[in-house]
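Just so you know, residue 1 is the first one in the sequence shown, and it goes up from there. Order of listing sets the numbers, starting from 1, for every ligand and every atom in it.
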Amino acid sequence: MIHEILPVGLLQCNCSIFGDEQTREAIVVDPGGNIGEIESILERHGLRVKAIVITHAHIDHVAGAKLLKENTNAPVYMNPSDQESLTMLDVQARWLGVAPPERVDVDMDARDSVSLRLNEAEFHVMETPGHTPGSISLYIPTERKLVAGDTLFKDSIGRTDLPGGDSWQILSSIKTRLLLLPDETVVVPGHGALTTIGREKECNPFLRGL
Ligand SMILES: [Zn+2]
């Protein structure tokens with residue numbers, strides 16, 4: 001499996017590009033910006049985008065989705081509980097003092113039990129609300145990887161002080177969903193360095209006593 005991670009946009013959101021070597025199909029997660037750069041990676045590997053997945057509707061994760069969708073015709077997956085936040089992209093832009101991006105139309109609901117496929121690999125949607133009501137993670141068991149959006153970071157967890165955030169809920173999502181994954185699962189957070197489930201169980205100060 002091809003997996004390229006590139007920090008995009010003003011807040012350096014980790015965008016993941018997964019590609020299958022045989023079918024040359026790709027899934028792009030959180031195209032928050034730098035769409036030209038994302039497209040040149042796709043081109044370099046000869047990949048065609050099959051799906052665009054948004055872990056949550058914060059501007060830094062979703063800002064480039066409309067352009068990428070226009071250029072690739074790929075369907076956009078997002079959890080419906082973040083639709084309200086998506087309609088507030090202009091408000092989010094004002095918080096950051098940036099121009100509001102064009103809003104993408106969501107095609108498919110990313111809910112529990114929804115799975116996307118790249119050849120043999122399954123990408124399972126896990127609802128992990130708390131950072132936002134519709135935050136999701138993507139678990140790829142055959143790759144032993146979790147794309148965690150802004151739910152879990154190396155040594156930290158997602159902030160819950162923005163509208164729709166819920167600090168009890170994010171801890172519950174982490175405890176009852178993410179920490180049940182195998183320790184060796186590599187976590188690709190929405191920002192910053194990669195980690196593993198095992199390491200965060202041991203070392204993450206926000207998860208002590210869970
Ligand atoms: Zn966020």
Side-chain angles (χ1 to χ4, degrees), residues 5-17 27-35 38 51-69 76-104 106 109-112 123 125-139 145-175 177-178 187-195 197 200 204-207:
I5 302 166
L6 70 157
V8 296
L10 194 65
L11 299 179
Q12 297 285 281
C13 156
N14 282 331
C15 169
S16 270
I17 300 169
I27 292 173
V28 178
V29 188
D30 286 350
N34 301 70
I35 297 306
I38 293 170
I52 298 165
V53 180
I54 309 299
T55 61
H56 65 291
H58 280 160
I59 187 167
D60 51 323
H61 294 255
V62 73
K66 184 175 168 84
L67 181 59
L68 186 63
K69 178 181 169 175
V76 171
Y77 287 71
M78 194 187 82
N79 187 274
S81 297
D82 262 16
Q83 192 58 47
E84 193 182 327
S85 178
L86 188 63
T87 60
M88 288 176 43
L89 269 190
D90 47 343
V91 178
Q92 297 187 44
R94 230 174 296 142
W95 292 338
L96 292 174
V98 298
E102 279 193 87
R103 189 187 316 138
V104 71
V106 175
D109 286 349
R111 296 180 190 271
D112 274 337
F123 291 61
V125 172
M126 298 175 78
E127 292 180 17
T128 47
H131 175 63
T132 63
S135 281
I136 61 158
S137 303
L138 268 188
Y139 178 47
K145 279 182 182 166
L146 176 82
V147 181
D150 285 358
T151 299
L152 181 62
F153 298 108
K154 184 176 185 185
D155 289 326
S156 190
I157 63 172
R159 60 190 288 186
T160 51
D161 57 329
L162 297 171
D166 183 321
S167 53
W168 177 84
Q169 209 175 29
I170 196 170
L171 285 172
S172 167
S173 291
I174 293 170
K175 181 183 178 185
R177 307 295 308 266
L178 302 188
V187 178
V188 182
H191 303 266
L194 307 197
T195 182
I197 290 292
E200 294 316 298
N204 191 316
F206 292 87
L207 306 183

Quiz item: Considering the options Ile197, Ile170, Thr195, Thr128, which one meets the side-chain contact (heavy atoms from CB on, under 4.5 Å) requirement together with Leu152?
Solution: Ile197

Quiz item: Do the non-hydrogen side-chain atoms of His61 and Met78 ever get within less than 4.5 Å of each other?
Solution: no

Quiz item: Is there a donor-acceptor contact under 3.5 Å linking the side chains of His131 and Asp166?
Solution: no

Practice problem: Specify which N/O/S atom of Asp150 comes nearest to the Zn ion (ligand 1), by atom name. | Solution: OD2

Self-check item: Any donor-acceptor N or O pair under 3.5 Å, side chains Asp82, Thr132
Solution: yes

Exercise. Quick one: the NE2 of His56, the Zn ion (ligand 1), ND1 of His58 angle, rounded to 10°, please.
Key: 100°

Self-check item: Atom nearest to the Zn ion (ligand 1) - His131, N, O or S atoms considered
Solution: NE2

